[in-house]
Amino acid sequence: MTKHKLFWLPMALVLAAMVGCSGNKEATSEQPAPATSATAEAPPTPIDPSTVGEITGKISFQGEKPKPKPIMMDQDPVCVRAHQGKGASFEDGEVNANGTLPNAFVYVKAGAEKYTFATPTEQAVLDQKGCMYIPHVLGVLVGQDVHIVSSDPTTHNIHPMPKDNREWNESQAPGAPPIDKTFAREEIMIPVKCNQHNWMRAYIGVMKNPFFAVSGSDGSFTIKGLPPGDYTIGAWTATFGEQEQKVTVGPKEKKTVDFAFKS
Amino acid sequence: MSPEVLTPVRPEEVALDKGSGPSGGGDGGFGGDSPDPSERAWSVPARAYRTGMYMALAAITMLFAAFTSAMVVRHGVSNDWAHTTLPRVLWLNTAVLLASSATLELAKRGLWSNESRRFIVWLDVTAALGATFIAGQLVAWKQLAARGVYLATNPSSSFFYLLTAAHGLHLLGGVIALLYLLLRARRILAHSGSGAPGRTAVEVTAIYWHFMDALWVYILILLMTRM
Amino acid sequence: MGLAIAVVVALITLISTGIFLSHHWWLPHAISTIAPAIDRQFTLTFVSTGIIFVIAQLALAYAVWRFRDGGDTRRAAYSHGNTRWEVVWTTAAAILFIGLNLIGYQIWASVHFTGPEPGAMQVEVWGEQFNWYFRYPGPDNRFGPTHPEKMNDGIGNFLGLDRSHDADSKDDIVTATLAVPVNREVELVLRSKDVTHSFFVRELRLKQDLVPGLEIPIHFMATETGRYEIVCSQLCGLGHYKMRAYFEVMSQPDFDKWLETQAAAQ
Amino acid sequence: MVFFVLTTVPQSGFGNFALPIQIGAEDMAFPRLNMLSFWTTFVGMAVLLSTFFISDGPPLSGWTSYPPLSAIGKATGPGEGLGQTLWIVSIAIFCVGSLLGSLNFIATTLDLRARGLSLMRLPLTCWAWFITAVLMLLSFAVLFAAGVLLLLDRVGGTSFFIPAGLVVNDQMVNHAGGSPLLWQHLFWFFGHPEVYVAILPGMGITSHVISTFSRKPIFGYKAMVYAMCSIGFLGFMVWGHHMFVSGMSPYSAFAFSVLTMAIAVPSAIKTFNWIGTMIGGKLRLATPMLFAIGFVSLFITGGLSGIFLGQPALDLTLHDSYFVIAHFHMVMGVAAIFGMFAGTYFWFPKATGRMMNEALGKAHFWLTFVGAYGIFMPMHYLGLEGHPRRFSALTGVDFLNSPHLIHLHEFMTVSAFVTAGAQLIFLYNLVYSWLRGPKASVNPWEATTLEWTVPSPPPFDNFAGRHPVIHRYPYEFSVPGAASDYIMQDAPEETKAK
């Protein structure tokens, strides 16, 4: 009898110690619960196409225009040849001749939550040409097919570095089939890098609504098809930060929203 | 005709059957195989178990030597080392562990002189002290955590947790071995002549236990040293 | 069977040695001051081990053929060995192997124990997955500090320089090709941004790992102009095989011109 | 390959079968521990193979897994995510299995030998397994420690191996103060003895087979034993020769290189003694002997290229090139595998009671021997040309992407396919002989050691209750005046007089 009693005493101590240990772990590894979205399951609001308006604007740049920074592609002669001796320069931080900014991602940041949008069936194409991504800034909807092709006779490697979506990293040899990917969650912006040619950079904005545009070589943008309402418009740039403005769009109204960035 | 007559049982089948019987298992972290007389057709000399244990201890020594050299190098390679002040409870734990070595010796004497009560009680006390030590180490961890010192806080705290955890796990193996001996205490006492498997098991466990004890003192000195 | 083994072993030995001797595949043309010594050491080692190689393989082949069991009633010799031969063999091997090493010591010492000649041109070599970058200190001969938080490949700030705040960084020249003037001592300082890489130019006979967290100096003098390749020879990830840059040895005027063009592009 | 083939098969595979019989024991000292060792290794293997089925992909850092590449995680590329973590876990489990196995080998060899079997009467196979076990015992514990530290760096946020200020893909790495070289030291402290773990059992088997099939006592038994002991001992002091260009102190590099050259001496002694055994012998060229001869030839080739690599000055151009691949594949890869084949053909009759087919065995030998040279000899040439190792494609570098070198690659690839095809012959022979091979007698090779005194296959307790007593040295062949040209180890003294 004594034997078993005596056996359980140290046993109990060990067990107690283990419980204490696991309790300890729980206490130290406590993490904030992921914030759950508060949106209730409400029936989607339909959009009346006869009332939609649009937003246009210009992304201007104040200050001294930085000189373009040439890309050194020496390590891969294929890339150098593709630019026929003219070379290429970095697109981040680039300023247009008219003092405006290209490649700003302008989007409806808030105000469109009540609408739902079907996943578009058309592909968003990301090309690799001359060891540059074309386009440099790309907007897609959640779940939309991103179709990645290569026009270069050299091996590329596509490596998006998201915060909220799944990270992946795949190589694409010359002549290899296109890569098709989707992003499951909203994210502004996912940088995309090529680990073979590390100057290569693209940005993918994953949106829940289709109200976005990228400023062009004249610095202008247009967001079409906006139903009347109050919106927060965001303008994202790779090097000059992000700005936002509130705007009210009436039925069939054409609003102008301009942004000005400083270096 | 019964099948037994047709197919004589081959010796290996018999032996395999025996092998798969209740083994008592659980010699966890320590090196000796369970020496149960009923399972062996031949005898493995007791010194083989001692050799096995010494080899296991050699491997454990190498493990901690590697940790130590990593610690010395890591200290020397960068200037981010901040000494981790040891929680006071470690002194208590040390005393408990040293006491357990003494009680284990008492238990061994009990077995040598075949005093069953003395053997069982002291063995039990040893296991309890071992368990107390592990619990005490966990308390030390909690105290450190309460001070905001975690595994990744500083290289010195990394080594503190690493060495105490590595030693604690080994000692846990020792406690399990002691519990196993306790479960089999009556059988061990029944065949306790010199060279009997039960006696060898106790002896080998004691070697392991004393080694863990000495190892702890070494670790304590290592952790105390302000390099 | 014994004859067959003897013939095949002998053939393999002689053919592979013959290919070595033909120099069809051999150390590439050497272009650094240290390379001839390394090549000499290689040749010395090659000749001495080559002789052992041929003798040992042929001895093996001979023994197999000569002492095969021919079905006769001969018995093998009963011998447990020959201590004198063992001692001779052991001593000879020890002297040869350690002797070779001591001869090679000079080369290792001149690469690693003595620093570069005074007035050596300093260039930093940076590795990152999977590109090489090189930094010249510019006219002030000083490298500006690098700021890990400012490193951004997308805008071409590979090394995290802060040219507007750090005076030393202003004239630093970052390039993607390593160019050096001919016949001038160069000291490279090897640094890595991410993982371990290895700098290797076969024509220089120079190889050294780039270890993150360390700045490892090596020095050399190139003696012939031309365009060569730097390859990474330490596994650094999926694109390891493409981690290559060009290494150009130029005449001093060409080099000055090249550096000027690079400086303009910063 | 290094862990789950070269470490386990020559040691645990053959050793567990042959060691107890050769020393006259019924079984290993701790059979249950042995079982535990096997299943632990099995679990380790399962964990490793599982990485092929996870989305992060299998680990991509090579068997040396140098941090920071192996320590930072996913950011450093595909194969550095969960797969790499599982690699460490797998190797740690493997370490435990190897440690359990090795202490069993040591205890068995030291304490279970039959009466009269002094250490200097042990067959050289047993010596090899014993020294290998000691090497494993002392080195795998260190790898285990290194693995734990690396794992903590990956999942515990510590910085043992990751220095400050790293930037991967423009993202800062949140670690500081660690040393990548620390891993290399710990790893190679294990890694170099590991090389001998792979090759020593092969040396043992080769010595044993050569003596048996030359019908002649081994040349310099004691020298062979001392050579193995000194290889084992020095093996722990030469790890730095893997790190000549790693950024380690160039002064210590020099010290390591002298010790490395010293370790070449016992290897040379062994080669000399193998050839010395054959000279004056009466060689029976059965398949086990062919593979043993192949072993010697490959060992000479692979060993001599080590003389180049042991010199730091030559490492300036040869390190991490194909020359290195040629060297270690010849010596610890193919030679070790030849040892395995010799062992398989030699003990197959004992283990299964049936003989293997000699014709198929010889075909297997010829294709494998010539094929192995065809694969690995050209690698020397590639190495001279400066071809770095671990390149997944040749398109990234101009000098590699030229016919001059690509022809060599093509030749090697063809050789590799031929060699791989030859292994099908072996597999067929193995299965066919197991089922249909002619019955083997107790001692088909007329060898002298104890395993050839018991029935083929041996009974469960090897000696069926008999306790053999050893009267002599293991390689008593062609003793003048004896009736036959071999005398069993347990033959009583008077046999000689007969």
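Letters A, B, ... are given to chains in the order of the sequence lines, protein chains preceding strands, and every chain is numbered from 1. Quick caveat, the model's predicted, so the values are computed rather than measured.
Chain B forms the most heavy-atom pairs under 4.5 Å with one residue out of D:Asn104, D:Leu143, D:Ile106, D:Val96, and that residue is D:Ile106. Between chain D and the residues B:Asn79, B:Asn154, B:Val73, the most heavy-atom pairs under 4.5 angstrom are made by B:Val73. Between chain D and the options B:Thr61, B:Val77, B:Thr153, the largest number of non-hydrogen pairs under 4.5 Å is found for B:Val77. Note on D:Asp111, D:Leu182, D:Leu186, D:Asp153: by heavy-atom pairs under 4.5 Å with chain B, the leading option is D:Asp111. In terms of non-hydrogen atom pairs under 4.5 Å with chain B, the most contact-rich of D:Ala164, D:Cys95, D:Gly178 is D:Gly178.
Rounding to the nearest 0.5 angstrom, the gap separating the CG atom in B:Leu57 from the CG atom in D:Leu103 is 10.0 Å. Here D:Thr158 contributes atom OG1 and B:Leu162 contributes atom CG; the two are 8.5 Å apart, rounded to the nearest 0.5 Å. Between the CG atom of D:Leu137 and the CE atom of B:Met55 there is a distance of 6.5 Å, given to the nearest 0.5 Å. One distance of note links CG of D:Leu110 with OH of B:Tyr54; it measures 13.5 Å at 0.5 Å rounding.
Interface remark: B:Leu151 contributes backbone and side-chain atoms alike to the contact with chain D (heavy atom separation under 4.5 Å). Neither the backbone nor the side chain of D:Leu181 comes within contact range of chain B, judged by heavy atoms closer than 4.5 Å. If you measure heavy-atom distances from D:Leu152 to chain B, the contacts under 4.5 Å come from the side chain alone. Contact of D:Phe189 with chain B is made through the side chain alone, with heavy-atom distances under 4.5 Å. With a 4.5 angstrom heavy-atom cutoff, D:Leu138 touches chain B via backbone and side-chain atoms both. Looking at D:Val134, there are no atoms closer than 4.5 Å to chain B (heavy atoms on both sides), in backbone or side chain.
The shortest heavy-atom contact between B:Ala152 and D:Gly156 is CB-O, 3.5 Å. Minimum interatomic distance between D:Leu112 and B:Pro45 (heavy atoms only, all atoms of both residues): CD1-CD, 3.7 Å. Across all their heavy atoms, B:Leu63 and D:Ala141 have their closest contact at CD1-O, 3.4 Å. Of all heavy-atom pairs between B:Ala48 and D:Ala107, the closest is O-CB, 3.7 Å. In terms of heavy-atom proximity, B:Arg74 sits nearest to D:Phe160 at CD-O, 3.8 Å. Summarising the geometry of B:Ala70 relative to D:Leu149, their closest heavy-atom pair is CB-CD1, 3.7 Å, with the distance given to 0.1 Å.
More than 12 heavy atoms of other shown residues, nucleotides or ligands fall within 6.0 angstrom of atom CE in D:Met172. In this structure, B:Arg47 places its CZ atom where more than 12 heavy-atom neighbours from other residues, nucleotides or ligands lie under 6.0 Å away.
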B:Ser69/D:Val142 under side-chain contact (heavy atoms from CB on, under 4.5 Å): CA gap, chis, key distance, verdict:
CA-CA 10 Å; B:Ser69 62; D:Val142 175; over 6 Å; no
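The aromatic rings of D:Phe30 and B:Tyr49 lie tilted to each other, with the angle between the two planes from 30° to 60°.
Contact of the B:Asp80 side chain with the D:Ser159 side chain is not registered, since no non-hydrogen atoms from C-beta on lie closer than 4.5 Å.
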